[in-house]
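Some notes on the structure that comes next.
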Amino acid sequence: MDAQTYNAALAELRAVRDKIKKSRAELTKLETDRNQRITRLAAYSKAKAERLAPAAGMSVADIVALAPELAPDALAAPCQVPEPATPPEAVAAETDARPAGPPQAAAPAINDAQRTPPTPRPSAPADASVKPTTDAPPALPSLPTGEAGDAWFTHTSSLASTRPNFTQQARSTVFLDTTTGVLVHRHHTHHLDLAGRTAADILTAVFHAVPDGVERIYITAGDPWHRNADRYPYLRDAVTAWLNAPTPGWRTDTGRGRDRMAGHFVHARNPVGRYQRDDGKAHVEIRSVGEWFDLDDHDTPATVRDAFVLLWQALRRHWSDAVLMGSPSQTGRDLWTRTIPVRGQHADGFPVLSEELRGLLHATAGQGRNELITPPRVPEQLPALVEYDRTFAYAKHTWKSPVGTPRRITAATFASWSEKEQIRALYGCGHWHVRVTVPDAWNHVGLLPAPAPGDRAWHYPAQPGTTFTTWAGGPELHAALTNPLQPWKIEILDGILWDDGKPLDDWAKKLKETWTNLSAQAHFQGDAQEARAAHLASRAVRSILLYGIGSFAQRPRMVTGTTPRTMERDVPTDAEIIGFDDELITWRRPSGYSRDPNAHPEWAAAIWSGARAALLTQRHRDDDTYAGALHTPPGSVVAFRTDALYLTQPQTWPYHHQPGDYLLKGNLTGPMAAPTTEEELLTLRDAGRAALTSDREI
């Protein structure tokens, strides 16, 4: 791409931006009209929220928010004990070099204020008439006092991760480019007529070309579920309509055998359609290969096929029974279960925490740090925008994880310990409820996440003197207390502490070795197509580990369903309407936590905490140096994005192609206006990557 093409593309992008603004204005007008109609309908004496919700395409809770008089009696009754609101959870991520021993900090491990337990603050009386303002941050949940909270510190009865006693079966797979119609099945290539590219067209064409049966269809290009996206306000609506369109001779798969992933999975970019033939003799998934890795315009179905073959062969060197499942998260968890020891301490498996502790972790342990820092905290005009991305970052933080029955560490207990005991506890596997105060002279980025006001899940207070209450993992607290600039004041209010263990170490080591071998193959391979296939396979290994870790978090399950428009009364009252057309209403509703034997949010939380801490500071022992945001001048950090840093100046951090190393990924020379929105940041990021690639080619 040359400068002229780039500028022309920017002009087109601005035109799209203007269309989006106009569409949003129209949408706002329609929503205002809808809300006014709901308010008028609510005045009818027999109006009910559960009738209005499906008609308006909203949830019952949204209707009640507009018309409180329609609140069901059970919701309108005052509660004895008000439950604090929980913030939305952040979206899946990777932290610092493995320490050799306890930290050697100039500052004490905990502040003097911790020597005396903090006085509990009285709860404000419940007042149903007072609604929280959108500017107030949501209150995070806490552990109940006394025996009620102590009862949470156990495991779910008869539920544990154990090594499987069966061999996973491979599924016949094809790779299809829906733009060109090219289908690759094993060593054969077919050219299909996909007509309108509906699910029915794809199923008909594929099963005609491969009559002996296919169980998985990977779409490599074309995104057929977006073909009518301009008809819908959101991509998700277009995807829902595509998945639920008529498929003569087929119906939605309801699951069978060990497969509990029944029904379609609605996702804006990587949906999953699951179908079974009416005679029950064929079951097939239509999936996006984007779950595994990103492709460019030159990647063919044959290249993708080769990448999957290389991936399977590389994994077989470590797992003799390795099978590639539909998604990297499924594959990651299946491979992990096959590393559970058959003898020794954990031969009986790893028990699953109580549902209460899992719920607390879901609400208080966020994922990657995503923060854009705007003027005046950064210059109005940036001299440059330099992107550093941590290579295979999560793999750096799997060497130690929580195991065993967790212990509750109250403020009084923590205060009674010696400084050495406190250091050991904070250095261990724990999740802590803390009160944090930013130092008066602080002039750098925030260090600890706090519940954010409005729609954002988390933010990172950095204003000197700010005090807030939050939850944080040991790695983040360690970074805040021993950072190279100035220790923060932290008071322990409560905590959860586990024994240190290595449940993920063997799994992660095998994946890291697989990634290293495939990366080397991609680098030294002489044939361009084979090198590209090896590169894609190495990216797939990253996805297996990344999404495998995310799958341990086991979010509360959401059930998606459809109801005919003529039967809208049958839409569940607690459902959220996510789409509708002339025939069907599509909805989803929470179904709580399943009895998943591989649910370990404590592992995901520990890794995410370590990854966020490594964005601030991490030691490179072999080079005797440090890297991270706190090792840059104040005002030079523009943004954090999961495992990437955006700075105003380049750094000399070492890079040895090892997990966790900071890789220079983009370098855009300024001056340029500091980004104030995520869209502006991503535009500059892409330009910086293109500029760096161009400089390297020269």
Side-chain angles (χ1 to χ4, degrees), residues 83-84 86-87 89-90 92-93 140-163 260 329 332-333 336-337 339-341 345-367 397-398 400-410 413 425-426 428-434 470-476 493-505 507 548-558 590-610:
E83 293 187 3
T86 58
E89 293 182 5
L140 292 176
S142 58
L143 292 165
T145 58
E147 294 182 0
D150 295 341
W152 291 16
F153 287 76
T154 184
H155 292 111
T156 302
S157 177
S158 304
L159 191 64
S161 306
T162 56
R163 192 182 184 99
R260 295 181 294 117
S329 62
R333 287 216 299 186
W336 172 74
T337 61
T339 64
I340 296 175
Q345 183 180 2
H346 299 291
D348 293 332
F350 296 92
V352 173
L353 293 176
S354 68
E355 186 170 319
E356 292 82 3
L357 275 188
R358 280 183 279 153
L360 180 70
L361 286 166
H362 288 311
T364 60
Q367 299 182 357
H397 310 293
T398 55
K400 182 176 72 172
S401 301
V403 295
T405 304
R407 293 176 288 150
R408 181 174 191 173
I409 309 300
T410 64
T413 299
L426 292 179
C429 294
H431 191 57
W432 301 93
H433 196 194
V434 293
T470 189
W471 286 83
E476 292 167 284
L493 306 179
D494 219 335
I496 309 168
L497 188 62
W498 290 265
D499 293 334
D500 296 350
K502 295 180 176 293
L504 304 176
D505 195 41
W507 172 72
I549 290 169
S551 70
F552 287 124
Q554 196 238 351
R555 309 295 182 194
R557 299 187 70 178
M558 297 292 290
S591 64
Y593 296 96
S594 66
R595 283 185 59 83
D596 184 348
N598 296 321
H600 293 286
E602 69 276 19
W603 297 348
I607 292 169
W608 293 337
S609 176

At what distance, to the nearest 0.5 angstrom, does CG of D494 lie from CZ of R408?
-> 4.0 Å
What's the shortest heavy-atom distance between R333 and G548, and which atoms?
-> CG-O, 4.2 Å
Provide the closest heavy-atom pair for A363 versus P141 in the form atom of the first, atom of the second, distance.
-> CB-CG, 3.8 Å
Looking only at non-hydrogen atoms, find the nearest pair between L357 and F153 and report the distance.
-> CD1-CA, 4.2 Å
Side-chain heavy atoms of C429 within contact of K400, under 4.5 Å | yes
Side-chain contact test, heavy atoms from C-beta onward, threshold under 4.5 Å: evaluate it for R407 versus T405 and give yes or no.
-> no
Side chain to side chain contact (heavy atoms under 4.5 Å, CB included) between I607 and T398, worked out = CA-CA 7 Å; I607 292 169; T398 55; 3.8 Å; yes
With the side chain counted from C-beta on, respond yes when W152 and P144 share a heavy-atom pair under 4.5 Å apart, and no when they do not.
-> yes
At their closest point, which heavy atom of G349 faces which heavy atom of I340, and how far apart are they?
-> CA-CG2, 4.5 Å
In terms of side-chain heavy atoms, does T364 have a donor or acceptor partner in H431 at a distance below 3.5 Å?
-> yes
Do T337 and T162 have side-chain heavy atoms sitting under 4.5 Å apart?
-> no
When rounded to the nearest 0.5 angstrom, what distance separates OG1 in T410 from CG in L143?
-> 10.5 Å
Please name the residue in the list F350, W608, W603 that meets the ring pair (Phe, Tyr, Trp, His ring centres under 6.0 Å) test with F552.
-> W603
Could you check if a side-chain atom of T156 sits within less than 4.5 angstrom of a side-chain atom of R358, using non-hydrogen atoms only?
-> yes
Within-4.5 Å side-chain heavy-atom neighbours: S161 and W336 | yes
Evaluate the side-chain proximity of W471 to L360: yes if any heavy-atom separation is below 4.5 Å, no if none is.
-> yes
Report the distance from atom NE2 of H155 to atom CD of E355, rounding to the nearest 0.5 Å.
-> 14.5 Å
Count the heavy atoms belonging to other residues, nucleotides or ligands that lie under 6.0 Å from CG of D150, then report whether that count exceeds 12.
-> yes
Candidate pair T339 and R163, rule side chain to side chain donor-acceptor pair (under 3.5 Å), full reasoning | CA-CA 7 Å; T339 64; R163 192 182 184 99; over 6 Å; no
Between A425 and W432, which heavy-atom pair has the shortest distance, and what is it?
-> O-CZ2, 3.8 Å
CA sep, side-chain torsions, deciding dist, call: V352, N598, side chain to side chain contact (heavy atoms under 4.5 Å, CB included) | CA-CA 7 Å; V352 173; N598 296 321; over 6 Å; no
Closest non-hydrogen atom pair between A160 and P351, with its separation | CB-CA, 3.7 Å
Is any side-chain heavy atom of L353 closer than 4.5 Å to a side-chain heavy atom of E602?
-> yes
Check the pair L140, T470 against side chain to side chain contact (heavy atoms under 4.5 Å, CB included), reporting the backbone distance first and the verdict last.
-> CA-CA 7 Å; L140 292 176; T470 189; 3.8 Å; yes
